[in-house]
Amino acid sequence: MSETNLIGEAMYHLAETLFPICRSITGEGVRQTLKIIQEHIPLTIKEVPSGTSAFDWTVPKEWNIVDAYIEDPDGTKIIDFKKNNLHVVGYSVPVDQVMSLQELQQHLYSMESMPEAIPYVTSYYKERWGFCLSHKQRMSLKEGQYRVYINSSLTQGFLTYGELIIPGETEKEVLLSTYICHPSMANNELSGPAVVTYLAKWLLELPRRNYTYRIVFVPETIGSLVYLSQNLGVMKTNVVAGYNVTCAGDERAYSFLPSRYGDTLADRVALHVLTHKHPEFVRYSYLERGSDERQYCSPGVDLPVASIMRTKYGMYPEYHTSLDDLSLISPAGLQGSYEVLKDCITLLERNARYRIKCLGEPQLGKRGLYPTISTRESGQTVRSMMNFIAYADGTNDLLDISDIIRLPVDQIYPILDDLIDANLIEQIW
């Protein structure tokens, strides 16, 4: 098996390990998830107390759950949290009651449009309790008295998140953000952390990094708001590009969602990579946002953050249901997202402005850059090099030149390496 395939398999295995954990926006499930990720990368785990203000929001009470079930009139356990943690509405308060089916129905959630699926439902900011089940099972419930039991707690605790800062040669930063707040769903929840973990491992192994990398694993929405409220000053000063990584594990499509105005370096880099590597990708508008880009790109925050995904959240039928299981993602799907983001980071690292060091066209032959035998292919290589030089005037960055000479950056990299080795060109950061 190639090294590339091994990384895909490793990411899938990490998702498998994390899948059974019941996560929410707070609680032991988040801590357990981050501690497992910490076995792969030197993550710092931080906690913020309940009641802490984060702009217009407040960190809620910490929620934890031990067990939950429903027993039918015959005493048979028909819904069991321990068999599927989506069965319980997230943040349900404790309950231990016997009630009629009519009364129970007010606390049940199902999807008539997807009768085999258990829906994912939460109630973070209003205290209630509830159970989720397939619509098929709901329709089969018989009249009688049902025992409902939820052993959960809402306490003054903490919101937990993970952070890794990987230093580079400059203080300017690239942000990678993903979330760790959903229970057992594979694509929507675990593909992002798996891909980001292995991108961090790759970054840590690089012999040189121009940029510093700020990598965060946060509960969606409230976690990114908390993180921004504590780090906004340095992030506004230093972050030059960033990506929110989610829904990265299926093999159906590649998707792109831009920053608020779609004109940042992160947008330009992502669009270049996707256009040349996966031209069939689906391009969305910022009006179709739905994840943490909402916070990173909000007015006054204005960070240069875009989203690269496989099939976008909300656009695949299994989204936010029990059908978003480990069969929906694959090593190949995860590997594809990893490679696209790796290509984006590589381009960010090389996207300086470039300036030729001599006046007039340089003599390539005396530097070993001109072929001694002329063929169609060698002629094209020389033309591409001369085209690059023609626009390397110190005002254009690598993406600008690539667009002007209509050559993907992957084909420019070896040309650029030759020119740098020959001391013919300088980088301007």
Side-chain angles (χ1 to χ4, degrees), residues 168-175 202-203 206-213 238-243 256 258-259 261-279 304 306 308 339-429:
E169 295 184 3
T170 71
E171 292 184 351
K172 294 300 181 182
E173 296 179 355
V174 174
L175 170 69
W202 168 68
L203 285 164
L206 291 179
R208 175 190 173 275
R209 294 172 297 272
N210 179 54
Y211 290 116
T212 293
Y213 287 82
N238 289 337
V239 173
V240 300
Y243 296 103
F256 170 73
S259 64
Y261 287 107
D263 58 356
T264 71
L265 179 58
D267 296 297
R268 295 174 63 214
V269 166
L271 285 171
H272 181 95
V273 170
L274 288 169
T275 297
H276 290 286
K277 292 290 186 71
H278 303 283
I308 297 173
E339 293 294 341
V340 165
L341 285 158
K342 187 176 172 183
D343 287 342
C344 289
I345 292 168
T346 299
L347 178 48
L348 285 167
E349 284 285 322
R350 303 205 67 171
N351 191 53
R353 288 179 291 139
Y354 292 91
R355 181 165 55 205
I356 192 70
K357 289 184 174 182
C358 67
L359 297 176
E361 288 188 346
Q363 186 178 1
L364 299 181
K366 69 181 183 181
R367 297 176 172 88
L369 298 178
Y370 200 90
T372 57
I373 296 179
S374 179
T375 66
R376 182 190 301 184
E377 290 78 14
S378 64
Q380 183 58 51
T381 299
V382 170
R383 176 166 292 278
S384 295
M385 183 174 288
M386 296 308 296
N387 284 343
F388 182 88
I389 289 170
Y391 292 96
D393 60 4
T395 66
N396 297 309
D397 65 15
L398 182 57
L399 278 166
D400 291 327
I401 298 174
S402 172
D403 290 341
I404 293 168
I405 69 176
R406 298 191 292 275
L407 198 65
V409 292
D410 279 358
Q411 296 180 39
I412 294 177
Y413 290 153
I415 293 171
L416 187 55
D417 290 338
D418 286 342
L419 292 172
I420 291 172
D421 289 344
N423 199 32
L424 266 176
I425 208 159
E426 62 180 340
Q427 295 173 304
I428 306 169
W429 293 101

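Worth saying up front: this structure is predicted, and the values here are computed from it rather than measured. One-based numbering along the sequence shown.
Of the listed residues (I401, I415, N387), just one forms a side-chain contact (heavy atoms from CB on, under 4.5 Å) with L407, and that residue is I415.
Counted by atom type alone, Y213 and E173 present zero donor-acceptor pairs between their side chains at under 3.5 Å. A donor atom on one side chain and an acceptor atom on the other are found under 3.5 Å apart for T264 and D267.
Expressed to the nearest 0.5 Å, how far CD of E361 lies from CD1 of I389 amounts to 7.5 Å. Taking CE from M385 and CD from Q380, the interatomic distance works out to 12.0 Å, rounded to the nearest 0.5 Å. Considering OH of Y391 and CD1 of I356, their distance stands at 14.5 Å, rounded to 0.5 Å. The distance from atom CG of L206 to atom OG1 of T346, rounded to the nearest 0.5 Å, is 7.5 Å. Note that OH of Y354 is 10.5 Å distant from CD1 of I428, once rounded to the nearest 0.5 Å. Residue L424 holds its CG atom at 6.0 Å from CG of L419, rounded to the nearest 0.5 Å.
Within a 6.0 Å sphere centred on CD of E171, other residues, nucleotides and ligands contribute 12 heavy atoms or fewer. Around CZ of R208, the count of heavy atoms belonging to other residues, nucleotides or ligands within 6.0 Å exceeds 12. Counting non-hydrogen atoms of other residues, nucleotides and ligands closer than 6.0 Å to OH of Y413 gives a total above 12.
Looking only at distances, a side-chain donor or acceptor of E349 sits under 3.5 Å from a matching main-chain atom of N210. No donor-acceptor distance shorter than 3.5 angstrom exists from the side chain of R353 to the backbone of T395, with no hydrogens or angles considered. For Y243 (side chain) and A266 (main-chain N/O), a donor-acceptor pair under 3.5 Å exists by modelled atom type.
Here D410 pairs with K277 in a salt bridge; the nearest charged N to carboxylate O distance falls below 4.0 Å. Ion pairing of D403 with R268 is absent here, as no side-chain N (NZ or NE/NH1/NH2) approaches a carboxylate O to less than 4.0 Å.
Under the 4.5 Å side-chain criterion, counting only non-hydrogen atoms from C-beta, L416 is in contact with I420. Counting heavy atoms from C-beta outward, M386 and L364 have side chains that approach closer than 4.5 Å. Counting only heavy atoms from C-beta outward, the side chains of W429 and T170 never approach each other to under 4.5 Å. Residues N238 and T212 form no side-chain contact, since every pair of their non-hydrogen atoms from C-beta on lies 4.5 Å or further apart.
The two atoms that bring P362 and R367 nearest to each other are CB-NH1, 4.2 Å, heavy atoms only. Nearest approach of S402 to H272, heavy atoms of both residues: OG-CE1, 3.0 Å. The shortest heavy-atom contact between V240 and L265 is O-CB, 3.9 Å. Here the closest non-hydrogen pair linking Q427 and A352 is CB-CB, 4.1 Å. Here the closest heavy-atom approach between residue L399 and residue N351 is recorded as N-OD1, 3.0 Å. Contact detail for S384 and I405: the closest heavy-atom pair is O-CD1, 4.4 Å.
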